[in-house]
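Here's the structure we're looking at; comments come further down.
No hydrogens, no waters, no symmetry mates; every other heavy atom, side chains included, goes into these values.
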Amino acid sequence: CYTPENAAAPLFPFLDKSKTYYEATSGLSSSLARGLRAGGLSVVESDGADFLSLSANDIHDGTITNPPYSKKTAFLAHLYKLGKPFAVLLPVQAIQGQARGKMFMEHGISLLVYNRRVDFTGKKAPPFGVAWYMGCGMCEPGRIWFTNN
């Protein structure tokens with residue numbers, strides 16, 4: 001499932017247009033990158049590179065991505081290791097989990113939660129809610145915001 005371009009819009013108030021962001025999963029689809037660019041942001045696409053093997057120098061000023069949910073814990077661990085601002089679109093229930101909870105308590109996390117479900121399939125029946133998980137200076141830690149976008 002690919003991220004709809006309009007899913008990036010709620011993030012715009014949290015992003016610095018003078019920065020360059022890395023979209024870590026744009027190898028198969030560039031829709032999230034297109035949505036970020038529509039908001040006036042500079043985005044470098046991964047073109048299929050293995051994000052988990054990249055260094056902080058590879059990702060510019062920060063990362064914005066919707067990773068494979070089966071790799072969400074590994075992505076978060078790597079993002080915290082890189083230490084640059086990030087926003088990751090994940091299921092709301094990803095806030096729970098022993099490994100993730102430990103990371104969130106140690107490093108901090110904030111959420112931007114949608115008041116509606118994002119339709120990744122176009123079938124108009126999204127099965128779960130998502131939120132942008134933001135860390136490493138993307139915004140004030142320990143906050144929850146809600147959006148109708």
Next item on the list: Go through the structure and list residues passing side chain to side chain donor-acceptor pair (under 3.5 Å) with Ser55, not counting sequence neighbours.
Entry: Asp58
Item checked: Carboxylate-amine/guanidinium proximity below 4.0 Å for Arg37 and Glu23 -> no
Note to self: Contact between Val88 and Trp132 at the side-chain level, heavy atoms closer than 4.5 Å - yes or no?
What the structure shows: no
Item checked: Thr147: partners by side chain to side chain donor-acceptor pair (under 3.5 Å), with sequence neighbours left out -> none
Notebook entry, point to check: Considering residues at least two apart in sequence or located in another chain, which fulfil the side chain to side chain donor-acceptor pair (under 3.5 Å) criterion with Asn148?
Noted result: Asn115
Notebook entry, point to check: Residues two or more places apart in sequence or in another chain: which of them pass side chain to side chain contact (heavy atoms under 4.5 Å, CB included) with Ala8?
Noted result: Phe12, Leu32, Leu36
Item checked: Residues that Ser70 engages under side chain to side chain donor-acceptor pair (under 3.5 Å), provided they are two or more places apart -> none
Item checked: With Phe51 via ring-ring contact (aromatic ring centres under 6.0 Å, His included) - residues at least two apart -> Phe75, His78
Next item on the list: Would you name the heavy atoms of Ser42 and Thr20 that are closest together and state the gap between them?
Entry: OG-OG1, 3.3 Å
Distance-only check: which donor-acceptor pairs under 3.5 Å involve side-chain atoms of residues 136-145, not counting sequence neighbours?
{"residue": "Glu140", "atom": "OE1", "partner": "Arg143", "partner atom": "NH1", "Å": "3.3"}

Notebook entry, point to check: Tell me the side-chain hydrogen bond (donor to acceptor under 3.5 Å, both in side chains) pairs involving residues 80-103, sequence neighbours left out?
Noted result: Thr73-Arg100
Check: What salt bridge (charged side-chain N to carboxylate O under 4.0 Å, His left out) pairs are there with at least one residue in residues 86-95, not counting sequence neighbours?
Finding: none
Notebook entry, point to check: Checking side-chain contact (heavy atoms from CB on, under 4.5 Å) for the pair Leu76/Phe104: CA distance, chi angles, key distance, verdict?
Noted result: CA-CA 9 Å; Leu76 285 163; Phe104 298 155; 3.9 Å; yes
